[in-house]
Amino acid sequence: MFDIKLIRENPDLVRAGLKTRHSPVDISAVLDLDERRRAAITEGDRLKAARNEISKKIGELKKAGQDTAEIQRQTREMGEKIAALDASVREIEEAQRKLVLAIPNLPHESVPSGEDAMDNVVVREWGHKKTFAFPPKDHVALGEALGLFDFERAARMSGAGFPLFTGPGARLERALIQFMLDLHTAKHGYTEVSPPHVVTTATMTGTGQLPKMADDMYHVPVDDLWLIPTAEVPVTNIYREEIIREPLPIKLVAHTPCFRREAGSAGKETRGLIRVHQFDKVELVKFVPPGTSYDELEKLVGDATDVLEKLGLTYRVLQLCSGDMSFAAAKCYDLELWAPGFNGWLEVSSCSNFEAFQARRAGIRWKNAEGKTEFVHTLNGSGVALPRLVVAILENGQQEDGSVVLPEALRPYMGGIDRLVPKK
RNA sequence: GGAGAGAUGGCUGAGUGGCCGAAAGCAACGGUUUGCUAAACCGUCGUACUGGUAAUAACCGGUACCGAGGGUUCGAAUCCCUCUCUCUCCGCCA
């Protein structure tokens, strides 16, 4: 959420920033409401102060045995005026909040301005695109021959987009999860958490998924609970409405399933594991002192790419342009894996600095070195998402005979085997 | 699911209508003392909104907040209602 004070004090800066994001929000409506709100508060506070004074006097008069009926009647009238003012403050605040919640975060000055994904910038590429002496197969053909998953039976029980991993495929998922958790906890200094997979409406609003993304999420109406689309939601909300007393930065890593309806994205690029309704993901979340968040973002990207490098996978880092960034982000990098069978890049991670945008929305603060309370900066990034990682491992490791050579780092987690071999 | 108890500041915990933004203790921070550590003593020690002086530090004032929301009252931490959560017992069940 946006800081109303920033809007009040630097309206032009805010207008300029929003322009690069094509936000239709009208700041002057927010400013107008702000002025009315403050006027109502000032008047209400003045009346309350007077009432408190008189109430105190009534107590004293009563103690002295004097009649206070008339004075009480007058004070009651004040009470009615106060109630009316309070009500109008609430009304104005609600209207203002609605407007402010719809304002996206301002892009950081280092973010290139642009319209859409076409204007994203490739920051760097790691590894080389593998060439094959035979036509490479895609992950669906490979995986089915290897007995890694069964899309048909899965569709029968849950509909399309809910993968069933089988045998070595299920093992591969578990191995990757464990490999990534171990790497992030042992080497990168993250603390592992395992959060709830369903959350309340308030929690979804804290990280910004609601109200905007309601149609993209699974909802359980009887209990009014939502299935998480990413671990970012429960993990960032761990400190909702808190003043953090522990030293920063706090670095958390969580493995959870993620549920996404992906409404309206049927068709292209949905084959096999490319886009699914349920997938597992290892997510990194950081709470950091404001001055350090951009350094922490670079480190976060490094933590995620370390996973890819350890697995020997070719990747590239994209910096998103202003027009392609998500609602809450101030700066964002996407990580994409090269998939030879798919013959394209697959996004497996998105690493963002939200600055204080989420923290303000969720009320996450800390005491800085001067003892002042301020909002923290939050960051998160996938470290990384599973299904497309599996796609890349299969398609990059494939051999002419249909077997798949596993990355060395993964073998200890696969019971020591070095390759997956087709079923007879 | 049933019965009961509870929710107060970073923590423990007093407070049943005005003298309570809230005792006391602990922790924390600043200082004095000290050869160091410790102890002792003194002081500071919630959050948000808002007005003014001052221009994003600081200072002075006001308001609100004692789980959340509503009500009674001139006045609510305190009385009433609803909800949420925690604990104990019973039931049920992975």
Side-chain angles (χ1 to χ4, degrees), chain A residues 1-14 30-97 100 106 194-206 220 222-226 234 237-248 250 287 290-291 355-356 359-376:
Chain A
M1 183 162 71
F2 232 89
D3 185 2
I4 180 65
K5 278 186 200 140
L6 183 67
I7 300 174
R8 190 190 300 155
E9 283 157 23
N10 289 300
D12 293 335
L13 187 104
V14 174
V30 176
L31 285 171
D32 180 53
L33 285 169
D34 187 52
E35 207 153 299
R36 285 172 49 204
R37 174 179 144 271
R38 278 152 67 208
I41 287 175
T42 305
E43 176 62 8
D45 281 1
R46 195 184 61 74
L47 279 171
K48 283 175 190 168
R51 181 180 66 180
N52 288 345
E53 188 94 358
I54 295 172
S55 290
K56 208 173 234 178
K57 237 172 241 156
I58 290 173
E60 285 162 17
L61 288 172
K62 282 203 162 166
K63 211 171 259 177
Q66 299 193 31
D67 176 48
T68 57
E70 174 59 17
I71 214 172
Q72 282 188 32
R73 195 188 54 73
Q74 290 171 9
T75 323
R76 189 175 308 148
E77 278 170 19
M78 277 172 96
E80 281 159 16
K81 267 189 218 159
I82 288 169
L85 279 167
D86 279 350
S88 87
V89 169
R90 267 199 306 275
E91 217 171 279
I92 294 167
E93 273 177 353
E94 201 178 317
Q96 190 181 39
R97 184 180 153 80
V100 173
L106 291 184
S194 180
H197 299 165
V198 290
V199 298
T200 61
T201 295
T203 300
M204 278 297 183
T205 310
V220 184
V222 273
D223 297 306
D224 193 21
L225 290 170
W226 303 79
N237 273 281
I238 288 175
Y239 293 101
R240 182 154 63 92
E241 301 302 333
E242 272 196 48
I243 297 171
I244 298 176
R245 305 281 165 174
E246 305 153 48
L248 296 185
I250 293 172
F287 304 85
E355 296 191 1
R360 194 173 292 109
R361 205 165 166 123
I364 305 171
R365 290 163 299 168
W366 75 306
K367 296 263 188 200
N368 66 17
E370 289 87 52
K372 280 206 71 174
T373 306
E374 65 180 350
F375 290 107
V376 303

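All chains are named by letter (A, B, ...) in the order of the sequence lines, taking the proteins before the strands, and each is independently numbered beginning at 1.
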Heavy atoms only, 4.0 Å cut-off, all strands: where does Ser55(A) land among base, sugar-phosphate and nothing? base
* Could you walk me through whether Glu43(A) and Arg46(A) pass salt bridge (charged side-chain N to carboxylate O under 4.0 Å, His left out), step by step? => CA-CA 5 Å; Glu43(A) 176 62 8; Arg46(A) 195 184 61 74; 3.0 Å; yes
Rounded C1' spacing from G15(B) to A7(B) in Å | 15 Å
Touch class at under 4.0 angstrom, heavy-atom based, for Ile71(A) against every strand present
nothing
Original post:
Which value, in whole Å, describes the distance between the P atoms of nucleotides C36(B) and C45(B)?
Top reply: 29 Å
Arg37(A) has its side chain closest, among A58(B), C74(B), U50(B), to U50(B)
task = Could you tell me whether Asp34(A) and Arg38(A) make a salt bridge, using a distance below 4.0 angstrom between a side-chain N and a carboxylate O?
result = yes
Leu47(A) CG to C74(B) C1', in whole Å, measures 14 Å
Answer for the Watson-Crick or wobble partner of G75(B), both distances under 3.5 Å, is none
Given side chains that start at C-beta, do those of Tyr239(A) and Glu246(A) come closer than 4.5 Å, heavy atoms only?
-> yes
key: Interatomic distance at C1', G70(B) relative to U84(B), whole Å   = 15 Å
Here the distance between atom C1' of U63(B) and atom CD of Glu93(A), to the nearest Å, is 13 Å
- Message: Can you tell me if Arg8(A) touches the phosphate of U50(B), counting only side-chain N or O atoms and a distance under 4.0 Å to OP1 or OP2?
- Response: yes
Nearest heavy-atom approach of Leu31(A) to Arg8(A) is CD2-CA, 3.6 Å
When Lys57(A) and Arg245(A) are each assigned the nearest nucleotide of RNA chain B, the 5'-most assignment goes to Arg245(A)
| task | Would you tell me if any nitrogen or oxygen in the side chain of Asn52(A) comes within less than 4.0 Å of OP1 or OP2 on A64(B)? | result | yes
Taking atom C1' in both G62(B) and G2(B), compute the distance separating them and give it to the nearest angstrom. 49 Å
Lys367(A) has its side chain closest, among G46(B), U63(B), G18(B), to G46(B)
Ranking G18(B), A58(B), C49(B) by distance to the side chain of Lys372(A), first place goes to A58(B)
Paired to A5(B) by Watson-Crick or G-U wobble criteria (both distances under 3.5 Å) is U86(B)
By the Watson-Crick or G-U definition, both distances under 3.5 Å, G51(B) is matched with C60(B)
message: Measuring only the P atom in each nucleotide, how far is A14(B) from U8(B)? A whole number of Å is fine.
response: 11 Å
*Ignoring backbone atoms, establish whether Arg46(A) has a side-chain N or O less than 4.0 Å from OP1 or OP2 of U63(B).*
no
The Watson-Crick or G-U wobble partner of C19(B), with both key distances under 3.5 Å, is none
Note: for Arg73(A) and Ala49(A) on RNA chain B, the residue whose nearest nucleotide lies more 5' is Ala49(A)
**Message:** side chain to side chain contact (heavy atoms under 4.5 Å, CB included), that's the test. Do Lys62(A) and Gln72(A) meet it? Break it down for me.
**Reply:** CA-CA 11 Å; Lys62(A) 282 203 162 166; Gln72(A) 282 188 32; 3.2 Å; yes
(request) Using the C1' atom on both, measure A77(B) against G9(B) and round to a whole Å. (result) 12 Å
Touch class at under 4.0 angstrom, heavy-atom based, for Ile54(A) against every strand present
nothing
Here the distance between atom P of A76(B) and atom CD1 of Ile58(A), to the nearest Å, is 12 Å
From the candidates C74(B), C49(B), A64(B), the one with an atom nearest any side-chain atom of Lys48(A) is A64(B)
Just checking Thr373(A): base, sugar-phosphate only, or nothing, at a heavy-atom cut-off of under 4.0 Å?
sugar-phosphate
For G46(B), the nucleotide meeting Watson-Crick or G-U wobble distances (both under 3.5 Å) is C65(B)
To the nearest angstrom, the CD-P distance between Gln72(A) and C74(B) comes to 6 Å
Atom CG of Asp45(A) and atom C1' of G52(B) are separated, to the nearest Å, by 14 Å
Applying the 3.5 Å cut-off to both distances, the Watson-Crick or G-U partner of A24(B) turns out to be U12(B)
Paired to U32(B) by Watson-Crick or G-U wobble criteria (both distances under 3.5 Å) is A40(B)
note: Phe375(A), atom CZ; U56(B), atom P; distance rounded to Å ~ 20 Å
For C42(B) and C26(B), measure between their P atoms and round to the nearest Å. 12 Å
Between CD of Gln96(A) and P of U50(B) the distance, given in whole Å, is 9 Å
* Distance, C1' atom - from A39(B) to U32(B), rounded to whole angstrom -> 14 Å
If you compare every side-chain N and O of Arg51(A) against the phosphate oxygens of C74(B) (OP1, OP2), does one of them come in below 4.0 Å? no
Hey, are the side chains of Leu225(A) and Thr200(A) touching, using non-hydrogen atoms and a 4.5 Å cut-off?
yes
